[in-house]
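These numbers were taken from a predicted model, which means no experiment stands behind them.
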Amino acid sequence: IRYYPKPGASADALATMTRNLSGTIKAHSTLVIWVVPEGSKLTVADFNKHYGTDLVEGKDIIRFVGINIPHSNPVQIEILNGSSIVARTWYNWGEDVDAYSDKGILFNYPTDYTITAKVAKNRVDPTPGSLSDDQMPKLIAVK
């Protein structure tokens, strides 16, 4: 996973903003990546209590400690397989403000044959670990 905290980030900056994950995210399932500031004493139990979830660290949720993804600046987030980008999204890009404290951003599955998910709704109640129908590809009946 890699993020850009602003448009035009340098290659050196991107290297420090890339974190490696191992494992597989199964189709139609989720993995919560929780970004925790350096020095935070928050645990997954705290996360579960706050959001009313029952996520298991290392299975349903991964904690990234020591990085700060800004909420007020433009941010692009990419998921890579090796060096190939397989999924991308952004928020607060251009004139739009999408990120609000204690609110979620709902990104829809891309239907325009790209890898970029776009903001469908912002200021939604967070539902970590769950998917809506709009976040999965539609099955197409072939006749």
**Student:** To the nearest 0.5 Å, what is the distance between OG1 (T43) and CD (E57)?
**Tutor:**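 The CD atom of E57 is 8.5 Å from OG1 of T43, to the nearest 0.5 Å.
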**Student:** State yes or no: do L80 and I33 share one hydrophobic cluster built from I, L, V, M, F, W and Y residues joined by side-chain heavy-atom distances below 4.5 Å, directly or via other members?
**Tutor:**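 Result: no, two separate clusters.
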**Student:** Give the cluster check for I105 versus Y100: same hydrophobic cluster or not, with ILVMFWY residues linked at side-chain heavy-atom distances below 4.5 Å.
**Tutor:**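 Hydrophobic grouping puts I105 apart from Y100.
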**Student:** For the residue pair P110 and T116, what are the closest heavy atoms and their distance?
**Tutor:**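 Nearest pair, atom of P110 first, then T116: CB-O, 3.4 Å.
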**Student:** Where is the tightest heavy-atom contact between V32 and L55, given as atom of each residue plus distance?
**Tutor:**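 Shortest heavy-atom contact: CG2-CD1, 3.7 Å.
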**Student:** Is any side-chain heavy atom of I85 less than 4.5 Å from a side-chain heavy atom of R2?
**Tutor:**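 Side chain of I85 against side chain of R2, heavy atoms only: contact under 4.5 Å found.
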**Student:** If you look only at pairs with a residue in residues 35-60, which of them pass as a ring-ring contact (aromatic ring centres under 6.0 Å, His included), with sequence neighbours excluded?
**Tutor:**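 Sorted result for residues 35-60: W34-F47, F47-Y51.
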**Student:** Are I79 and V119 connected, step by step, through hydrophobic side chains (Ile, Leu, Val, Met, Phe, Trp, Tyr) whose heavy atoms are closer than 4.5 Å?
**Tutor:**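 Both belong to a single hydrophobic cluster.
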**Student:** Give the minimum heavy-atom separation between P126 and G104, together with the two atoms involved.
**Tutor:**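 Shortest heavy-atom contact: CG-N, 4.0 Å.
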**Student:** Hey, any chance I25 and F107 share a hydrophobic cluster, counting ILVMFWY side chains that come within less than 4.5 Å of each other, even indirectly?
**Tutor:**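 Linked, I25 and F107 end up in one cluster.
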**Student:** For Y109, what residues pass the ring-ring contact (aromatic ring centres under 6.0 Å, His included) criterion, not counting sequence neighbours?
**Tutor:**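 Per chain and number, Y109 pairs via ring-ring contact (aromatic ring centres under 6.0 Å, His included) with no residue.
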**Student:** So, R88 side chain and T114 main chain: donor-acceptor pair closer than 3.5 Å or not?
**Tutor:**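 No, R88 side chain to T114 backbone: no donor-acceptor pair under 3.5 Å.
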**Student:** Of all the heavy-atom pairs spanning D112 and K118, show the shortest one and how long it is.
**Tutor:**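 Looking at all heavy atoms of both residues, the closest pair is OD2-NZ, 2.9 Å.
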**Student:** Cluster question for you: counting only ILVMFWY and a side-chain heavy-atom cut-off of under 4.5 Å, with indirect links fine, are F64 and I61 together?
**Tutor:**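 No.
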**Student:** Measure across D46 and K41 and return the closest heavy-atom pair with its distance rounded to 0.1 Å.
**Tutor:**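 For D46 versus K41, the nearest heavy atoms are OD2-O, 4.0 Å.
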**Student:** Are L106 and Q135 packed together at the side-chain level, in the sense that at least one heavy-atom pair is separated by less than 4.5 angstrom?
**Tutor:**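 Yes, close enough: below the 4.5 Å cut-off.
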**Student:** With heavy-atom distances below 4.5 Å as the criterion, would you say the side chains of D125 and K103 are in contact?
**Tutor:**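 In contact.
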**Student:** Would the distance check show the side chain of T89 and the main-chain N or O of I77 forming a donor-acceptor pair, the cut-off being under 3.5 Å?
**Tutor:**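 No; zero donor-acceptor contacts below 3.5 Å.
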**Student:** Can you find a heavy atom in the side chain of D98 that is under 4.5 Å from one in the side chain of W90?
**Tutor:**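 SC-SC contact between D98 and W90 ruled out.
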**Student:** Has K121 got more than 12 heavy atoms of other residues, nucleotides or ligands less than 6.0 Å from its NZ?
**Tutor:**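 Incorrect, the count does not exceed 12.
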**Student:** Can you tell me if N122 uses its side chain to pair, donor with acceptor, with the backbone of V97 under 3.5 Å?
**Tutor:**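 It does hold such a pair.
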